[in-house]
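One structure is given below, encoded as structure tokens.
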Amino acid sequence: MLTQSRNPPIPQSLNLGRLLAIARKEVIQLRRDPRSLYMAFIMPAVLVLIFGFAITFDLDDIPFGVYDGDGTLRSRELVEAFRSSGYFTLQERLRRPADADRLLERGAVRLVLWIPAGFAADLEAGRAAPVEALLDGGDANTAGTALSYAQGIVAAYSGRVVLAGQSGGTSIDPSPAGVTAEVRVWYNENLDSRLMIVPGLVAVIMMTIAAMLTSLTIAREWERGSMEQLASTPVHRLEVVLGKLLPYLGIGLCDMVVVIGVGLVVFHIPFRGSPFMLFGAASLFLLGSLGLGIFI
């Protein structure tokens, strides 16, 4: 007894007219579904705004305390350099050196700047004038970042003192260095974490939206009972899959333009490189993500 296969054999050449008809059908269905339109065009911009502002590795307003054992104009200038940097917020002024342990232990401050007596006198005499930074190392990432900020502020203050005609310098490290390292950072000169996070969000959001949309379109066909109608037509399953992928490939590329535009306008992410290379690689990436949605 001969039985007919449910799926016809793969044709020698795909019929472009049938494929485009499936794509047109998908566009009409998508246009009539406000939730899918919201997910396709509004959700990417919302996600990049939420993630772009919420995810950051930069530290601002680090609470710090000061023990000023010198009490001179020079020591107050150094404290003001920390306050005006935008990275540190003065929380408390210590009256005794022993208060540093108490503040760090209860987490009231992340850093204690310790300026010893004779700080200004050492600067005037041309001697090294070390200051001490006590940090809470419970969070190693925060401590390392705060230490880098503190070293940069002290180095900048030392440079201003030297330019003002004062010999000697100020350093977190009391041992003078014989070699001066000049560091140059490429591609992200200010080490802004958003320049790393927002471009990465393009891939994450595109993969999520593309996989979700294509998986929902197959589920929608089964829920509405139209998958059986498609199976009864002469359209091959490969034409059905490709016809459903084409509209979402175009939507994915439009979403990528929206996400990149939000990054450029809102987060001031510089665009460097070839846009043709970007869209070519994005098309391949979206095809993989759309295929993942079909598989799901």
Side-chain angles (χ1 to χ4, degrees), residues 10-31 33 36-53 55 57 185-218 220 235-296:
I10 298 177
Q12 296 296 326
S13 61
L14 295 177
N15 189 303
L16 184 60
R18 292 197 299 257
L19 191 151
L20 293 178
I22 294 294
R24 181 173 178 271
K25 165 187 168 297
E26 193 65 30
V27 171
I28 294 174
Q29 285 186 344
L30 186 63
R31 234 172 34 191
D33 189 356
S36 296
L37 287 175
Y38 169 79
M39 188 179 302
F41 294 104
I42 306 299
M43 186 63 70
V46 173
L47 288 177
V48 73
L49 286 173
I50 292 175
F51 292 153
F53 284 112
I55 304 175
F57 299 116
V185 180
W186 286 10
Y187 313 122
N188 188 2
E189 294 83 359
N190 296 324
L191 298 178
D192 188 354
S193 62
R194 285 200 177 99
L195 296 185
M196 175 190 66
I197 292 173
V198 174
L201 288 176
V202 177
V204 174
I205 294 173
M206 291 299 97
M207 184 180 69
T208 304
I209 297 299
M212 191 178 300
L213 287 174
T214 48
S215 60
L216 288 177
T217 184
I218 297 296
R220 186 170 56 238
V235 179
H236 192 270
R237 57 189 177 186
L238 187 59
E239 294 170 346
V240 173
V241 170
L242 292 180
K244 285 184 171 297
L245 288 184
L246 280 180
Y248 294 107
L249 177 62
I251 290 174
L253 292 176
C254 292
D255 286 343
M256 192 187 68
V257 173
V258 171
V259 173
I260 292 176
V262 172
L264 292 174
V265 175
V266 178
F267 299 104
H268 306 291
I269 307 298
F271 188 93
R272 298 169 183 168
S274 170
F276 301 103
M277 178 69 74
L278 175 63
F279 276 88
S283 300
L284 295 177
F285 178 79
L286 282 172
L287 284 175
S289 301
L290 293 170
L292 176 63
I294 292 288
F295 176 75
I296 293 174

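One is the number of the first residue; the rest follow in order along the sequence.
Sequence neighbours left out, not one pair with a member in residues 271-296 passes ring-ring contact (aromatic ring centres under 6.0 Å, His included).
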| S283 and L253: side-chain contact (heavy atoms from CB on, under 4.5 Å), yes or no, with the steps? | CA-CA 7 Å; S283 300; L253 292 176; 3.7 Å; yes

| said: Quick one, V48 with V202, criterion side-chain contact (heavy atoms from CB on, under 4.5 Å). Give me CA distance, side-chain angles, the key distance, then yes/no. | reply: CA-CA 8 Å; V48 73; V202 177; over 6 Å; no

| M212/M43 under side-chain contact (heavy atoms from CB on, under 4.5 Å): CA gap, chis, key distance, verdict | CA-CA 12 Å; M212 191 178 300; M43 186 63 70; over 6 Å; no

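The CD1 atom of I50 lies 11.0 Å from the CG atom of L201; values are rounded to the nearest 0.5 Å. From L292, atom CG reaches atom CG of L287 across 12.5 Å, with rounding to the nearest 0.5 Å. In this structure, CD1 in I294 is found 12.0 Å from OG in S289, a value given to the nearest 0.5 Å. For the atom pair F267 CZ and I197 CD1, the distance stands at 9.5 Å (nearest 0.5 Å). Taken to the nearest 0.5 Å, the CD1 atom of I209 stands 11.0 Å off from the CD1 atom of I251. To the nearest 0.5 Å, atoms CG (D255) and CG (L47) are separated by 10.0 Å.
Looking only at side-chain heavy atoms (C-beta outward), L195 and P270 come within less than 4.5 Å of each other. Considering only heavy atoms from C-beta on, F51 stays 4.5 Å or farther from V198 through its side chain. Considering only heavy atoms from C-beta on, K244 comes within 4.5 Å of I22 through its side chain.
Across all non-hydrogen atoms, the minimal contact from V258 to A45 is CG1-CB, 3.9 Å. Taking every heavy atom of both residues into account, M256 and M206 meet most closely at N-SD, 3.7 Å. Across A40 and L213, no two heavy atoms sit closer than the pair CB-CD1, 3.9 Å. The minimum heavy-atom distance linking I269 with P199 is given by the pair CG2-CG, 4.2 Å.
Listed for the R194 side chain is a donor-acceptor partner under 3.5 Å among the backbone atoms of G52.
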